[in-house]
Amino acid sequence: MATVICRKIIMFVQDKFLWGVASAAYQVEGGYQADGKGRSNWDAYTNDYQVTKAFIDKQHTGNVAINFYERSQYLRDMALMKQLGVNAYRFSITWSRILPNGTGEVNSQGMAYYNQLIDDLLANDIEPVITNFHWDLPYKLQERGGWSHSDSVHWYVEYTNVLFTNYGDRVKKFITFNEPFIYLFFIELLAHNAIAKKANPYAISNETYGKQAEAVHHLLLASAIATQNYYQLNLGGVIGITLSFTPTIPLDANNIKDVQAATVFDGLHNRWFLDAIYKGKYPDDIVKLHQKYNPAFQVSAKDMQLIAAHKPDFIGVNFYAPAYIKADASAPYGAEWFSTNPDEVKMFNGPVRPEHLYQLLVWIKNEYGNPTIYITENGAGFGAADEQLNGNIVKDPLRTDYIKRHIDSALQAKRDGVDLRGYFLWSFCDNFEWLFGYDKRFGIVYVDFDSQQRTPKQSFYAYQQIINESPGE
Ligand code: BGC
């Protein structure tokens, strides 16, 4: 067994295009109290505070999710992944399974779960790609202030050292964080509004954004130090960071205020992270705004050097849609974000615009020195309108079309010189969509959430065909 696994790992380290699917622990695992797991922020948000009620008027939790914690279930899912033809699976680790209190004592049963999962993936010729942190924080750490606390850097470094030293022999691709912007400036803030029972759970103040600048800085520092540690361990793999990208479009291109608001949003969401990593500097326009609303936000040159000195090996690009931006004084930093436009096909995360994926990839290449890129998420949630379940057939024509056109765009960018090494579809199975619970389906495999029955959708077969036809990409 050991030699077979070694051979497979060597195979994965060699460069080949990765065709994968992606998920995140809280969205799929369930097993929320299993085998010594500690509580996480999301266990509290969904059970104690019922945050989904503020957004979908129903209480949904990830307590069971799609039951991926149970081995017999995930082995069936893996068999479907094999049928699909993917050679990689991106998943995240539940921090509070590994360290129930966030720091300190390691939970051997939690460790064992991922050890087994990794071995099972390798035995199925599927490369495990680990996201260390995809938004579920041990509740003990959340109570101490979460990422706003400067110690969060040390908490994360302690946790990731456990992952690297235990799984790094077989896992050759780690991702430090998933989407710091969406996590800290959107999901967390909205969850906290729901907890505080705000009349409008979407309303966010300028001061709140300013405060989050400190948290996001801690997170980037943590990412850089973990990257440095990973290299010191000499494990022979690579490490990256996954960022969300939302190209901006002024709602009215002839209105200078909309154009300026679009630049602000672009700075906050897209330029902030890449500028720090590749230029060693946060964008001046956004630093000024953060300091206007939070004068305490100051960044030392030493911190910026550290972030730039320990660059990731690759950037994980998560792309769903561009955003239309309108100047609006009541929105944070004056930029109101519209995820839909009347003349577009409506999708949960925005309008369907595959050409923006192409433009985004080329922009990163030209602006930031052609870094290695994996598309770590791309997918579509169209809701009930697109899921025509009829016996064993689920037709999802909008998602099918979305996937084909986005993969075309990505591969065109690759042909035009972007160093693109892989594509991970979001998501394999329908799952728990954070504040919106189970109401938004993103899977290419339909899940009956009561029976846990899986049914591949039309988009599953379309992706299968793409993988089959592009083996050398
Ligand atoms: C997140 C996923 C989420 C997906 C669809 C991304 O922002 O990383 O966790 O399910 O978008 O909304």
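Basis for what follows: all heavy atoms, side chains included, without hydrogens, waters or symmetry-related copies. First listed ligand is number 1; within each ligand, the first listed atom is number 1.
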**Q** I need the nearest protein heavy-atom contact for atom 1 (C) of ligand 1: residue, atom name and distance, please.
**A**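 I find the closest protein heavy atom is Glu377 OE1, 3.3 Å.
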
**Q** I'd like to check the side chain to side chain contact (heavy atoms under 4.5 Å, CB included) partners of Val162; sequence neighbours left out, ordered by chain and number.
**A**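 Listed in chain order: Ile98, Val106, Met111, Asn166.
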
**Q** Compute the ring centroids of Phe55 and Tyr202, then answer whether they are less than 6.0 Å apart.
**A**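 Judged by ring-centre distance (under 6.0 Å), Phe55 and Tyr202 do meet the cut-off.
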
**Q** Please name all residues satisfying ring pair (Phe, Tyr, Trp, His ring centres under 6.0 Å) with Tyr32, sequence neighbours left out, ordered by chain then number.
**A** none

**Q** Could you tell me whether some N/O pair between Asn178 and ligand 1 is separated by less than 3.5 angstrom?
**A** yes

**Q** Taking the six-membered ring of Tyr374, is the NZ or CZ of Arg90 close enough (under 6.0 Å from the centre) and on axis enough (within 45°)?
**A** no

**Q** Is the shortest side-chain heavy-atom distance between Ser152 and Leu141 below 4.5 Å?
**A** no

**Q** Nearest protein heavy atom to atom 10 (O) of ligand 1, by residue and atom, and its distance?
**A** Glu433 OE1, 2.6 Å

**Q** Which heavy atom of the protein is the closest neighbour of atom 4 (C) of ligand 1, given with residue, atom name and distance?
**A** Tyr320 OH, 3.3 Å

**Q** Check each atom of ligand 1 against the heavy atoms of Phe442 and keep those under 4.0 Å away; list them by number with element.
**A** 5 (C), 12 (O)

**Q** Of all the non-hydrogen atoms in the protein, which one sits nearest to atom 7 (O) of ligand 1, and at what distance?
**A** Glu179 OE1, 2.5 Å

**Q** Any atom of ligand 1 sitting under 4.0 Å from a heavy atom of Lys440?
**A**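 No heavy atom of Lys440 comes that close to ligand 1.
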
**Q** Just jot down the ligand 1 atoms closer than 4.0 angstrom to any heavy atom of Trp135, in number order.
**A**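 So the atoms of ligand 1 that pass are 1 (C), 7 (O).
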
**Q** Examine Phe177 together with Tyr156 and report whether their ring centres are nearer than 6.0 Å.
**A** yes

